[in-house]
Undergrad: 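What follows is a single structure, and I will ask about it in a moment.
Per chain, numbering begins at 1; letters A, B, ... match sequence-line order. The figures here come from the full heavy-atom set of this structure, side chains too, leaving out hydrogens, waters and symmetry mates.
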Amino acid sequence: MITKKKKFVFGMKKDRQLDGDKMNLDFAKRVEAEGGKGSAIAACMQCGTCSGGCTNIDVMDMSPRTLILMTQRGEWEKVLQSNTLWMCSSCYICTSRCPRGVRPSDVIEAVKAIAIEEGIKNDSTKFNQIFVDLVQKRGILFEPELMQRFGGLQAMIDQAPLGIQLALRGKISPFPEKIKNPQQFSQALDKARKKHGNND
Amino acid sequence: METMIKPTTTQYAYYPGCSLHTTAREFDISTRVVMKELGIDLQELQDWSCCGGSIAASVGHDMGMAMAGRNVALAQKQNLDLLASCSGCYNKSARAMKALKDDDEKSKIMAIMSEMGIDVDDYNIRVRNVVDVLVNDIDIASRVVKPLTGLKVACYYGCLLTRPADITGWDSPRFPTSMDKLSRICGAEVVDFQSKTSCCGGPILVSQEERAFHLTKKILDEAKSLNADCIVLACPLCDTNLELRQADIGKKFGETYNIPIIYITELIGLAMGMKPSKLGMNKHIVSVKPVLDKIK
Ligand code: SF4
Ligand code: SF4
């Protein structure tokens, strides 16, 4: 006699968290270690509230809810390859709505850092790294340099009309500002990044 | 009846951040002159650095917290509450403050900060945003000499001013009303703006430009359909999307937008009878003339 496979347990789909044998918390632990107190991954009950409110879900290949589930299961290749990391605009809607205090935005933020550490490369990782490099350099960001290093000459040409308007209103200073001791600041952050392994 | 609430403090370590010294000059200027007029003394935070924005922590959490934590520590050294106008600087500073009060997080952040030469151990100051201070500590109503009658404004809060609540907490993360209240006190008419807490895509503006443009367009479209005379906000990053890229967004989608974007401090300054030029309002890229004409 063939027994029918149970699809639902207490009205919940089987692939949700009740599926205890599929859990692999190694990756989740790594994410939590990276993200600090922000990421309470194990607490997720897969209610989908985060996905329901997400600003960018229509262009994500994996919803925030699924990303948390995949993190719980340790499917980290899938998580690291997902465009959700780079489409997320850190708007905190998910975090302010989650009934379980999971803070999906902080989980995604932590996974981004791990993705960079694992060598994932795309426009977003490039931008994020240049941004930090430049803040590290002087302590204060110099935006024209960010545009130039990210987008090259073409970006400078594209942005030139706006740049001129801003300059005319005294809103771009020709000289970048810096803090008193940029060397010490820079070295401290360099060390923090090296420990982290993403300073390439 | 409005009752006068006494300011909890009248002196702040003022943290302008990278944008207020460059693209958001008018926010810096208007914050300084309005606060001065209201009797609040802003001491610029000495040797402040970039808070790392929404980016740094996604390259390394502890590093991001140390970047933002540095400014909190400097304010603590000056023994003054930290006041930021920029929603981003405010949010990240408040987040670092929370982390610095957590034992596990604190040791990791302090280790990086001490390499920076900063050794502050105890934090008893508060991190505040200019909108919070304006709406909760000060009796603006008694200072309004030129009500902005007939001006229709759409108040845009975005993300970082009020979310998440455990970091901010002084206004609702889902239905904030502080800038609506302030605008009404100034005599303006506030439209029912559904997009008030939608995200403009600020942190992904450069790396995912198309997406950010799409998000910003929805906000501009609603303000336009409501016939708002301007959008009022408190974040230079939102302003970059809504004002500085307004022409690009229009071009991309074949629309024309001419929606003035003004900072809440400019709006209050106008109602207090200050000259637009004194508030830095001549520095806008999208002309604010329609707004000024309307309240003449
Ligand atoms: S809202 Fe919270 S509990 Fe619900 S699915 Fe999202 S992360 Fe999990
Ligand atoms: S923070 Fe990211 S995942 Fe969360 S709602 Fe916003 S875009 Fe979606």
Undergrad: Begin with the C-alpha distance, continue with both residues' side-chain angles, and end with the deciding distance and a verdict on salt bridge (charged side-chain N to carboxylate O under 4.0 Å, His left out) for A:D58 and B:R211.
TA: CA-CA 10 Å; A:D58 56 319; B:R211 182 64 192 168; 2.7 Å; yes
Undergrad: I need the minimum non-hydrogen distance between A:F131 and B:G52, along with the two atoms involved.
TA: CE2-O, 3.5 Å
Undergrad: Between B:D166 and A:R103, is a side chain to side chain contact (heavy atoms under 4.5 Å, CB included) present by the stated rule, with each step listed?
TA: CA-CA 11 Å; B:D166 61 342; A:R103 306 182 84 90; 2.6 Å; yes
Undergrad: Do you know the tightest heavy-atom contact between B:E115 and A:A188?
TA: CB-CB, 3.4 Å
Undergrad: Enumerate by number any residue of residues 85-95 of chain B whose heavy atoms lie under 4.5 Å from heavy atoms of chain A; in the absence of such residues, state 'none'.
TA: B:N91, B:K92, B:R95
Undergrad: Tell me, side chain or backbone of B:M67 under 4.5 Å from chain A's heavy atoms, or both, or neither?
TA: side chain
Undergrad: Any side-chain heavy atom of A:R169 within less than 4.5 Å of one from B:H284?
TA: no
Undergrad: Which heavy atom in B:S207 sits nearest to a heavy atom in A:F150, and how many Å separate them?
TA: CA-CZ, 4.3 Å
Undergrad: Rounded to the nearest 0.5 Å, what's the gap from OG on B:S58 to CG on A:L85? Could you check?
TA: 10.0 Å
Undergrad: Sort out for me which of A:I140, A:D123, A:V132 touches chain B most, counting heavy-atom pairs under 4.5 Å.
TA: A:I140
Undergrad: Looking at A:N128 and B:V59, would you say the former's side chain and the latter's main chain have a donor-acceptor pair under 3.5 Å?
TA: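 It does not hold such a pair.
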Undergrad: Heavy atoms only, distances under 4.5 angstrom: which of A:K126, A:Q187, A:E177 has the most pairs with chain B? Name it, please.
TA: A:E177
Undergrad: Given heavy-atom pairs under 4.5 angstrom as the criterion, report whether the side chain, backbone, both or neither of A:A167 touches chain B.
TA: neither
Undergrad: With rounding to the nearest 0.5 Å, note down the distance linking CD in A:E34 to NE2 in B:H61.
TA: 7.5 Å
Undergrad: Do you know the tightest heavy-atom contact between A:W86 and B:Q208?
TA: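 It is O-CG, 3.5 Å.
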Undergrad: Against chain B, label A:N122 side chain, backbone, both or neither, depending on which of its atoms sit under 4.5 Å from a heavy atom there.
TA: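 It is neither, since no heavy atom gets under 4.5 Å.
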Undergrad: For the residue pair A:L166 and B:L244, establish whether any side-chain heavy-atom pair is separated by less than 4.5 Å.
TA: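 When only atoms from C-beta onward are counted, B:L244 and A:L166 do touch, with a gap below 4.5 Å.
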Undergrad: For B:F175, does the CZ atom sit with more than 12 other heavy atoms under 6.0 Å from it, leaving out its own atoms?
TA: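 Atom CZ in B:F175 is not packed in, count stays at 12 or less.
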Undergrad: Looking only at heavy atoms and a cut-off of under 4.5 Å, which of B:P173, B:G53, B:G117, B:A56 has the most pairs with chain A?
TA: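 Option with the top pair count is B:G117.
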Undergrad: So what's closer than 4.5 Å to chain A heavy atoms on B:N282: side chain, backbone, both or neither?
TA: backbone
Undergrad: Under 4.5 Å, heavy atom to heavy atom: which of residues 87-97 of chain A reach chain B? Give them by number, or say none.
TA: A:M87, A:C88, A:S89, A:S90, A:C91, A:Y92, A:I93, A:T95, A:S96, A:R97
Undergrad: More than 12 heavy atoms of other residues, nucleotides or ligands under 6.0 Å from CD of B:E44: is that the case?
TA: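 It does: B:E44 CD has more than 12 such atoms within range.
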Undergrad: Go through B:G280, B:S19, B:A57 and name the one with the most non-hydrogen pairs under 4.5 angstrom from chain A.
TA: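 Of the candidates given, the most pairs with chain A belong to B:A57.
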Undergrad: Quick one: which of B:R70, B:M65, B:H214 has the most heavy-atom pairs under 4.5 Å with chain A, could you say?
TA: B:R70
Undergrad: Using a 4.5 angstrom heavy-atom cutoff, name the option from A:E109, A:Q165, A:K112 with the most pairs to chain B.
TA: A:E109
Undergrad: Taking B:K283 for its side chain and A:G170 for its backbone only, find out whether a donor-acceptor pair lies under 3.5 Å.
TA: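 Pair absent, no side-chain N/O of B:K283 close to backbone of A:G170.
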Undergrad: Under 4.5 Å heavy-atom distance to chain A, tell me which part of B:L160 shows up: side chain, backbone, both or neither.
TA: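 Contact with chain A involves the side chain of B:L160 alone.
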Undergrad: A:N56, A:I172, A:T125, A:N181: which one forms the most heavy-atom pairs within less than 4.5 Å of chain B?
TA: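 The option with the most such pairs is A:N56.
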Undergrad: For the interface with chain A, which of B:D47, B:D62, B:L215 has the highest count of heavy-atom pairs at distances below 4.5 Å?
TA: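 Of the candidates given, the most pairs with chain A belong to B:D47.
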Undergrad: Please determine whether the number of non-hydrogen atoms from other residues, nucleotides or ligands lying under 6.0 Å from atom NZ of A:K78 exceeds 12.
TA: no
Undergrad: Where on B:I167 is there a heavy atom nearer than 4.5 Å to chain A: the side chain, the backbone, both, or neither?
TA: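 For B:I167, the side chain is the part near chain A, not the backbone.
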Undergrad: What is the minimum heavy-atom distance between A:K171 and B:A24, and which atoms define it?
TA: CE-N, 4.4 Å
Undergrad: Chain B heavy atoms under 4.5 Å from A:L162: which part of the residue, side chain, backbone, both or neither?
TA: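 When you check distances to chain B, only side chain atoms of A:L162 fall under 4.5 Å.
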Undergrad: What is the distance from atom CD1 of A:I179 to atom CD of B:Q46, rounded to the nearest 0.5 Å?
TA: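 Going from the CD1 atom of A:I179 to the CD atom of B:Q46 covers 14.0 Å.
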Undergrad: With only heavy atoms counted, which part of B:I118 is less than 4.5 Å from chain A, the side chain, the backbone, both or neither?
TA: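 It is neither, since no heavy atom gets under 4.5 Å.
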Undergrad: Nearest 0.5 Å, please: how far is OG in B:S49 from NZ in A:K178?
TA: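 A:K178 atom NZ to B:S49 atom OG measures 14.5 Å (nearest 0.5 Å).
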Undergrad: Given a strict heavy-atom distance threshold of 4.5 Å, which part of B:I204 is in contact with chain A: side chain, backbone, both, or neither?
TA: side chain
Undergrad: Working to the nearest 0.5 angstrom, can you tell me the gap between B:C50 SG and A:F142 CZ?
TA: 14.5 Å
